[in-house]
Amino acid sequence: LLMSEWMSIVNERNMLVRHEWELSLLFKDLQFEDVRQQIELDLRKRQLIPEDKKTVAQMEEEAQLLQQLMDVVDQRDRLVINTEEERIKDLEMDRAVEYTLKKKGYDKGRQSLAEGGQKQRSQTPQLGRKTFMQTLF
């Protein structure tokens, strides 16, 4: 009974740590989205100037903004990929720990680690091709 309670507390702590981690990733995602929107706004303003009226410096600034936009998109894509890889590792680890606990007989009356992690993850906005904010609108 004591071991089962201890495992339950450890499981809850792990879920909270994951939730905190996912929230920090969501924050980074929102920061990338803010930067992307600002760059796009600057680009739109610059693209209102007819090409034949732009100076060399204005064209270079526009090219730099395009490069910054590409960099932000690449960084966000890496964040999404790394996030998914971490989720898969966490799920695999949860399953391995749960298997070990069942094998030793410590699983009675305890929520499954994989279920607990899945339940927690489903409550946190997921990073994907669309940001959480984009899904709201």
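The analysis underlying the following values was restricted to heavy atoms, covering all of them including side chains, and did not include hydrogens, waters or symmetry mates.
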Any heavy-atom pair between the side chains of Thr83 and Leu79 that's under 4.5 Å?
yes

Would you say that Leu41 contacts Gln37 through its side chain, given a criterion of any heavy-atom pair below 4.5 Å between the two side chains?
no

Is the count of non-hydrogen atoms from other residues, nucleotides or ligands lying under 6.0 Å from Gln31 atom CD greater than 12?
yes

Rounded to the nearest 0.5 Å, how far does [atom2] of [Y] lie from [atom1] of [X]?
X     : Y     : atom1 : atom2 : result
Asp34 : Ile39 : CG    : CD1   : 11.0 Å
Asn82 : Lys28 : CG    : NZ    : 9.5 Å
Glu86 : Met93 : CD    : CE    : 9.0 Å
Leu25 : Arg18 : CG    : CZ    : 13.0 Å
Met70 : Leu65 : CE    : CG    : 13.5 Å
Leu26 : His19 : CG    : NE2   : 9.5 Å

Contacts of [X] that satisfy side-chain contact (heavy atoms from CB on, under 4.5 Å) - sequence neighbours left out:
X     : answer
Ile49 : Lys53, Lys54, Gln58
Val17 : Arg13
Ile88 : Glu84, Glu92

Minimum heavy-atom separation for [X] and [Y], please, with both atom names.
X     : Y     : answer
Gln75 : Phe32 : OE1-CE2, 3.1 Å
Met59 : Glu51 : CE-O, 3.7 Å
Leu69 : Leu43 : CD2-CD1, 4.1 Å

What pairs with [X] under side chain to side chain donor-acceptor pair (under 3.5 Å), at least two apart in sequence or on another chain?
X     : result
Gln64 : none
Gln67 : Asp71
Asp42 : Gln38
Glu40 : Arg36

Salt bridge or not for Arg95 and Glu98, using N-O below 4.0 Å?
no

Assess whether a salt bridge exists between Asp94 and Lys89, defined as any Lys/Arg side-chain N lying under 4.0 Å from an Asp/Glu carboxylate O.
no

Residues two or more places apart in sequence or in another chain: which of them pass salt bridge (charged side-chain N to carboxylate O under 4.0 Å, His left out) with Lys45?
none

